[in-house]
Amino acid sequence: MPEPATQKALVENYIFSSKSALNEGDVCYEITSDWIQQWKRFVGIGKTRYQPKIKPGGITTPREHAHHNVQVADFIHEDGWKYLTAWYGLEEGHRAVNHVVYKYGSKMEIEKNLNLFKCSISRSEDGESHMLRFSKMEKIGHVEWKIRETFNIQDGVESRLWARDSSGWKGLFKRAELIGKTMELDSDFTKADLELEMMEDGGIWQRRPAMSTPSQDPPVGNLLSKSIFEELIVANNEAALHQQINNLGREFMEQLHTCIKDYISNMSTQPQQVQTVENSQSTTSRSIQEEMDKLTKEKQAIEKEREGIQKERQEWEERRTHLDEEIKQMDELNKMNETRIKLDVGGQQFTTSLATLVKDPTSRLATMFSGRHPLQKDSAGCYFLDRDGTHFRVILNYLRDGKIMDGTLPDDKNSLMELEREADYFRIKGLSQYVRSALKKLK
């Protein structure tokens, strides 16, 4: 570890104050004020004449949910943070707390709070939405990736992102741009609406938000699974370790050059110092090797810890996905119980749920029972459909299960043709294709 005077020279200018010049995009870290004040006394910053100069221990950072035990924090630039963590490390139980510098209007400030966004699927019939927080310096590619993850969008489905501000809806199609800059956010407390649009079959964009300008422009760039803060955690751990190794190697070379120079200058007059130089060099080499071995073990420990964190995160994600699926199933069951519907199809009565009738969003049944069209019940409380009810049971079972169970289709050509006609009328594409395949097999 460098001497206190060297530490002061290297780090003092990286501690932010009211006079610090901030640059947008700079990353800073929070350290408790008590730790910073102890370090300042140790290296001799400020009035320290009558105060004890005690070397501080591991770095302490503000803990989340501190409640009444308010912990005042100071901010330090990431370059200064790298020095301090390389020298002192983090106190057990504490973690890195980082922020970015953002331009609020015409003023540069440290972003203290992440903005809240209401996220939903464009033209979704269930109206589901989630409140998510993002930094204004976050790339649009990660925001879109996070929304897709939240709504369990499959990898093969193309999407693009829309945002609404005071002027209306705008497309956030350039994934490499920053969301705060694109939306011109100038406050930590500005809330905004985001909607994710999915591409239709045939490569057409036609589910854009209502009142938005039509556009067929595709998104540009890649989706990003890591946020800016997740990238910084791994990069800073590796950078700090490499910095320690570089400093150690530089110190070794300086000591080696000094030993060689002294050896050459004194070799002619003091031969006895040859052995001393060799011994000193050997001792230094062993010391350096021990430090290098120690740092290698620390690097391996960090790698192992990172793997453990990634594994734990994956397990939590799997648990959350499982829980979301259970909640979704419960919601569907509740909807089915609350929205039981009776149908009279050509004189045959059927009982089903609203969720089953709107299961295929492109079907005629989904259009009829979407709520956009007035429907009348008869005296028995049924909705009358002027169609042949012979095969309607098969149609309902397909909508419930999403597939045809073996042995449930008629095995004669005329009945299959009648079922095909009904499936085409109700615009249920999947069932139509299945029946046509069955007809081809009969030929």
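Looking at His94, its side chain never comes within 3.5 Å of a backbone N or O of Thr60 through a donor-acceptor pair. Distance alone, capped at 3.5 Å, places no donor-acceptor pair between the Ser415 side chain and the Asp412 backbone. Put simply, the side chain of Gln216 never gets that close to the backbone of Ile204: no donor and acceptor are under 3.5 Å apart. A distance-only check finds a donor-acceptor pair linking the side chain of Arg207 to the backbone of Arg123 [under 3.5 Å]. No donor-acceptor pair closer than 3.5 Å links the side chain of Arg208 to the backbone N or O of Ser215. A distance-only check finds no donor-acceptor pair linking the side chain of Asn98 to the backbone of Val27 [under 3.5 Å]. Lys377 places no side-chain N or O within 3.5 Å of a backbone atom of Lys342 that could act as its donor or acceptor partner. The main-chain N or O of Arg164 is never found under 3.5 Å from a side-chain atom of Asp193 such that the two would form a donor-acceptor pair. Distance alone, capped at 3.5 Å, places no donor-acceptor pair between the Thr32 side chain and the Thr61 backbone. Side chain of Asn23 to backbone of Asp26: no donor-acceptor contact under 3.5 angstrom is found.
Stacking of Lys181 on the aromatic ring of Tyr102 is recorded, both the 6.0 Å distance cut-off and the 45° axial limit being met. Taking the ring centre of Phe350 as origin, the terminal cationic atom of Arg393 falls outside the region bounded by 6.0 Å and 45° from the ring axis. Stacking of Arg319 on the aromatic ring of Trp316 is recorded, both the 6.0 Å distance cut-off and the 45° axial limit being met.
Side-chain contact between Ile31 and Asp74 is absent, with no heavy atoms from C-beta onward closer than 4.5 Å. In this structure, the side chains of Lys146 and Leu132 come closer than 4.5 Å at one or more pairs of heavy atoms. Side chains of Met137 and Val101 form no contact here, defined as non-hydrogen atoms less than 4.5 Å apart. Residues Glu78 and Tyr14 fail the side-chain proximity criterion, which asks for heavy atoms closer than 4.5 Å. Between Ile404 and Leu409, some side-chain heavy-atom pair lies under the 4.5 Å cut-off. Proximity of Asn152 to Glu325: side-chain heavy atoms (C-beta onward) are nowhere separated by under 4.5 Å. For the pair Lys139/Leu178, a side-chain contact is recorded, criterion being any heavy-atom separation below 4.5 Å from C-beta on. With a 4.5 Å cut-off on side-chain heavy atoms, Phe426 and Arg387 count as touching.
Remark: Glu111 engages Lys136 in a salt bridge, criterion side-chain N to carboxylate O under 4.0 Å. By the 4.0 Å N-to-carboxylate-O rule, Glu197 lies close enough to Arg160 to be salt-bridged with it. Comment: Glu317 engages Arg320 in a salt bridge, judged by a side-chain N to carboxylate O separation of less than 4.0 angstrom. With salt bridges taken as basic N to acidic carboxylate O contacts below 4.0 Å, one links Arg436 and Asp424. Using a cut-off of 4.0 Å between Lys/Arg side-chain N and Asp/Glu carboxylate O, Asp186 and Lys103 are scored as not salt-bridged. Ion pairing between Glu303 and Arg306 holds under the 4.0 Å rule for side-chain N and carboxylate O.
Among residue pairs with one or both ends in residues 189-221, none qualify as ring-ring contact (aromatic ring centres under 6.0 Å, His included); sequence neighbours excluded.
Open room surrounds CD on Glu184; 12 or fewer heavy atoms of other groups in view lie less than 6.0 Å from it. Under a cut-off of 6.0 angstrom, the local environment of CD in Glu318 is crowded, with over 12 non-hydrogen atoms contributed by other residues, nucleotides or ligands. Remark: Met131 CE is packed, more than 12 non-hydrogen atoms of other residues, nucleotides or ligands lying under 6.0 Å away. More than 12 non-hydrogen atoms from other residues, nucleotides or ligands lie less than 6.0 angstrom from CG of Asp401. When the shell of 6.0 Å around CG of Asp378 is examined, it contains more than 12 heavy atoms from other residues, nucleotides or ligands. Counting non-hydrogen atoms of neighbouring residues, nucleotides and ligands closer than 6.0 angstrom, the CD atom of Glu3 reaches no more than 12 such neighbours.
Between Trp87 and Met1 the shortest heavy-atom distance is O-CE, 3.0 Å. Heavy atoms only, all atoms of each residue included: Ser370 and His373 are closest at OG-CD2, 4.2 Å. Looking at every heavy atom in both residues, Arg175 comes nearest to Ser159 through NH2-O, 3.1 Å. Taking both residues in full, the closest heavy atoms of Val358 and Ala366 are given as CA-CB, 3.8 Å, listed atom of the first, atom of the second, then distance. The two residues Ser129 and Phe151 have their closest heavy-atom pair at CA-CZ, 4.2 Å. The shortest heavy-atom contact between Lys170 and Thr182 is NZ-O, 3.1 Å.
Taking CZ of Arg133 as the reference point, atom CG of Leu116 lies at 4.5 Å (rounded to 0.5 Å). To the nearest 0.5 Å, the span separating NZ on Lys359 from CG on Leu396 amounts to 11.5 Å. Atom OG of Ser353 sits about 9.5 Å away from atom CG of Leu399, to the nearest 0.5 Å. Note that CD1 of Ile395 and CG of Leu365 are 7.5 Å apart. Values are rounded to the nearest 0.5 Å. Here NE2 of His391 is found 4.0 Å from CD of Glu418. Values are rounded to the nearest 0.5 Å. Atom CD of residue Glu420 and atom OG of residue Ser432 lie 6.5 Å apart, to the nearest 0.5 angstrom.
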task = Could you check His130 against Glu128 for side chain to side chain donor-acceptor pair (under 3.5 Å), going step by step and ending with a plain yes or no?
result = CA-CA 7 Å; His130 293 270; Glu128 180 183 1; 2.9 Å; yes
inquiry  = Determine whether Thr190 and Asp165 satisfy the following criterion, side-chain contact (heavy atoms from CB on, under 4.5 Å), listing intermediate values before the conclusion.
reply    = CA-CA 10 Å; Thr190 300; Asp165 55 19; over 6 Å; no
inquiry  = Go through it in stages, so that I can follow the logic: the residues are Phe117 and Met183, the test is side-chain contact (heavy atoms from CB on, under 4.5 Å), and I'd like the CA-CA distance, side-chain angles, deciding distance and then a yes or no.
reply    = CA-CA 12 Å; Phe117 295 85; Met183 297 186 65; 4.0 Å; yes
request  = Kindly indicate, with the supporting measurements, whether the criterion side-chain contact (heavy atoms from CB on, under 4.5 Å) is fulfilled by Cys382 and Leu343.
outcome  = CA-CA 5 Å; Cys382 298; Leu343 299 175; over 6 Å; no
ask   = Would Tyr383 and Ile341 satisfy side-chain contact (heavy atoms from CB on, under 4.5 Å), going step by step from the backbone distance to the final call?
value = CA-CA 8 Å; Tyr383 294 101; Ile341 292 177; 3.7 Å; yes
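Ring orientation note: the planes of Trp39 and Trp35 are close to parallel, at an angle under 30° on the 30°/60° scale.
Checked against a 6.0 Å centroid threshold, the rings of Tyr398 and Tyr434 do not count as neighbours. For Phe75 and Trp81, the ring centers sit 6.0 Å or farther from each other.
Donor-acceptor pairing under 3.5 Å is lacking for the side chains of Glu24 and Tyr104.
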